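I have placed the structure first, in the form of structure tokens, so that the comments after it can refer back to it.
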Amino acid sequence: MIPKTKNKRQVAPRKISYSNEIHGFPESDNFSTEELKSNPFAHEDLIESRSLAHEGRKGLVPSKNPWHESPQYRLLSPEEPNTGIWIPRWLGHGIGNANRTRILAWLLWWFDEESTRSRFADRGVERFPGYGRELCRARAKNANHDRCLGTTYTRLAQEVNLSKTTVKGQLQALAERGLIQISRNDSRQHDGDLLITMCGPQLADLYYQFSKDKIAKDEFEENGPHAQRLSRWENDVKDLCKARIKPGWFESNTRRRALNRDSQANFPTSKGTWVPDYLFLICDKKSAPAWVLSQVLWWFSDRVTRDAISLGPRACIKRHRHLWIAKSSRQLNQEIGLPESTVRTSLNYLIGERQLLTFDKWIYDRKRDRSQPMTHLRPNVPVLEQLLSNSDIHDELLDMEMTRLYPY
DNA sequence: TGGCTAATATAGTCACCCAG
DNA sequence: CTGGGTGACTATATTAGCCA
């Protein structure tokens, strides 16, 4: 019988570097002066991050160089008139690929109500007379009377700021999965236009798989609400000139639920990540890092009550005079839906290559994590501020906005 | 817009840590 | 053995950039 050998740590424990910190000295009598000189945060390091976070939840945590007090903070807020794309969590979990999700999220915006502005990529500017009154931004229809978006690959590529090849490839991938339908219109009205239709049943299924929302499952069933709407349309209004667009994804209750347009009580809202275009441009137009960075920065945004009273940032772990969040790549994967390995690569890019985030490792919860240190993250505020005030970024953002505002 | 190719990003897997 | 972590590797998928 082979005796059990106890696992031994082969890798040397990580050493925490304090070289970049401006040292302050905590109030504690338990450490000698020599100890405190070598590690000024010795006392703090004894306390686990979970306890520090618990302390922070009781009230505002003072922090050095806090992101939520930075002048550039408002540039990334969905409440401010800035452009960006809101990516629902169910979309991320249903579709792994970051670019594909970005494009589909953008298409969902086109099939949303014109009057919805906050949290979505809209300046709130009138694109043309009458804008904001329709119930759907996509106004074209194809030969089957389906509501669809008339566009071109080039135009779409400019709107999401990805290459034309990417947009084309991802649209085809989405079409193969049956989430959208692509067709060409030969009529005079949309000559040579690309027509994109949303496939209601498949999208509802995607939403149902993550949310387990029963309404989404029932809606597109046989004799379900959608089928009833369809038969009513065929019998009654098909021949009237006014309503010749067939009911589909846009008219469904599922869409309202999935995009938070349903103000029903006692139902959890659909969560997601607001990806500002600023961050997308800062991250070299890479979707995955921009997405991850947005999610991390969300944790450093202010919690606000209904009366618009700030409760301070969501992050509440205070270590080394900074605010931190304890997030592993697996947790981020659950939050945004990107595969774990992609999240890890993105974090390496953000931390190592671009220094947009700073990280360190401490023990968060000794019991849960088996005494192993967990990654703590915080935004690198000086770098972010410098990039966000870069005039090149502003110019490119303006280009994107102008493309989006230009009417079809 | 379509098609091509080289370059890059990603998904998936494995190995490892550690203490209850 | 388990479960929540880490890092590294590689085959394959995706993308940029060019030209017609």
Side-chain angles (χ1 to χ4, degrees), chain A residues 1-16 48-50 87 92-104 106 150-177 182-186 190-196 280-281 283-293 317 324-354 357 359-377 396:
Chain A
M1 196 175 166
I2 303 166
K4 260 192 174 179
T5 53
K6 202 182 176 186
N7 286 334
K8 281 207 170 179
R9 193 185 172 91
Q10 292 179 5
V11 185
R14 292 165 203 281
K15 286 180 183 170
I16 301 169
E48 290 176 17
S49 294
R50 200 181 178 193
I87 305 181
H93 280 270
I95 304 165
N97 186 299
N99 279 347
R100 199 175 299 161
T101 317
R102 183 182 167 83
I103 290 171
L104 188 52
W106 176 247
T151 182
T152 63
Y153 288 126
T154 314
R155 168 81 202 242
L156 216 47
Q158 284 172 351
E159 283 175 354
V160 295
N161 212 331
L162 292 166
S163 80
K164 194 194 60 180
T165 320
T166 312
V167 171
K168 198 183 164 204
Q170 296 304 350
L171 281 185
Q172 280 170 359
L174 288 169
E176 275 172 26
R177 279 189 63 171
I182 303 172
S183 58
R184 298 242 149 224
N185 197 339
D186 299 327
H190 304 284
D191 191 26
D193 274 4
L194 178 76
L195 293 178
I196 299 172
F280 181 68
L281 294 177
C283 296
D284 293 336
K285 301 184 190 176
K286 295 169 199 267
S287 299
W291 195 356
V292 173
L293 183 58
I317 300 170
W324 301 82
I325 53 168
K327 285 262 173 271
S328 65
S329 53
R330 200 167 293 175
Q331 275 178 308
L332 280 172
N333 155 39
Q334 285 164 6
E335 279 181 15
I336 65 180
L338 271 178
E340 203 183 319
S341 56
T342 313
V343 173
R344 235 180 271 165
T345 320
S346 305
L347 280 179
N348 286 342
Y349 169 81
L350 291 169
I351 294 168
E353 202 174 316
R354 301 299 309 276
L357 297 176
F359 90 110
D360 218 325
K361 293 193 174 194
W362 296 292
I363 289 169
Y364 176 75
D365 183 349
R366 192 174 290 276
K367 203 173 176 186
R368 192 197 69 178
D369 299 338
R370 312 280 196 245
S371 295
Q372 69 178 312
M374 199 175 173
T375 306
H376 287 54
L377 298 167
E396 188 141 13

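Please read all numbers here as calculations on a predicted model, not as lab measurements.
- With contacts defined as side-chain heavy-atom distances shorter than 4.5 Å, the pair A/Leu347/A/Leu332 qualifies.
- Contacts of A/Thr165 with the nucleic acid, taken as non-hydrogen atoms under 4.0 Å apart, include base atoms.
- Side chain of A/Gln334 to backbone of A/Gln331: no donor-acceptor contact under 3.5 angstrom is found.
- A straight line from CG of A/Leu347 to C1' of C/dG5 spans 14 Å, rounded to a whole angstrom.
- Phosphate proximity of C/dG5 to A/Thr375: absent, as no side-chain N or O sits under 4.0 Å from OP1 or OP2.
- As rounded to whole Å, 12 Å separates atom P of C/dG17 from atom CG of A/Leu162.
- A/Arg102 contributes a side-chain N or O that, together with a main-chain N or O of A/Val160, makes up a donor-acceptor pair within less than 3.5 Å.
- In this structure, the CZ atom of A/Arg344 is 13 Å from the C1' atom of B/dT10, given to the nearest Å.
- When rounded to the nearest whole Å, the span between CG of A/Asn348 and P of C/dT6 equals 11 Å.
- A/Thr166 has no side-chain polar atom (N or O) that falls below the 4.0 Å cut-off from OP1 or OP2 of C/dT14.
- Residue A/Arg354 places its CZ atom among more than 12 non-hydrogen atoms of other residues, nucleotides or ligands, all under 6.0 Å distant.
- Among C/dT15, C/dG7, C/dG5, the nucleotide with an atom closest to any side-chain atom of A/Asn99 is C/dT15.
- Annotation: side chain of A/Tyr349 is not in contact with side chain of A/Leu293 (no heavy-atom distance under 4.5 Å).
- Note on A/Lys327: every side-chain N or O is 4.0 Å or more away from OP1 and OP2 of C/dG4.
- The interatomic distance linking A/Arg330 (CZ) with C/dG7 (C1') rounds to 12 Å, in whole Å.
- Distance CD (A/Glu340) to C1' (C/dG7): 11 Å, rounded to an integer number of Å.
- Scored by the side chain to side chain contact (heavy atoms under 4.5 Å, CB included) test, A/Thr345 finds no partners at all (sequence neighbours excluded).
- A/Ser341 comes within 4.0 angstrom of a nucleotide base, judged by non-hydrogen atoms across all strands.
- If A/Ser346 and A/Lys168 are placed on DNA chain B by their nearest nucleotide, the residue sitting closer to the 5' end is A/Lys168.
- Between A/Gln158 atom CD and B/dT1 atom C1' there is a gap of 14 Å when expressed in whole angstrom units.
- Side-chain atoms of A/Thr101 come within 3.5 Å of backbone atoms of A/Ile95 as a donor-acceptor pair (strictly under, hydrogens ignored).
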Start with the C-alpha gap between A/Ile336 and A/Ile87, add the side-chain angles, then the distance that decides, and say whether side-chain contact (heavy atoms from CB on, under 4.5 Å) holds. CA-CA 9 Å; A/Ile336 65 180; A/Ile87 305 181; over 6 Å; no

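- Regarding contacts with the backbone of C/dA13, every side-chain N or O of A/Asn97 stays at 4.0 angstrom or more from both OP1 and OP2.
- The side chain of A/Gln170 places an N or O atom within less than 4.0 Å of a non-bridging phosphate oxygen (OP1 or OP2) of C/dT15.
- DNA chain C lies under 4.0 Å from no heavy atom of any residue of residues 284-293 of chain A.
- Taking atom NZ of residue A/Lys164 and atom P of nucleotide B/dG3, one finds them 11 Å apart after rounding to whole Å.
- Distances shown here put every side-chain N or O of A/Lys361 at or beyond 4.0 Å from the OP1 or OP2 atom of C/dT6.
- The side chain of A/Arg100 lies closest to C/dT14 when the candidates are C/dT14, C/dT6, B/dT1.
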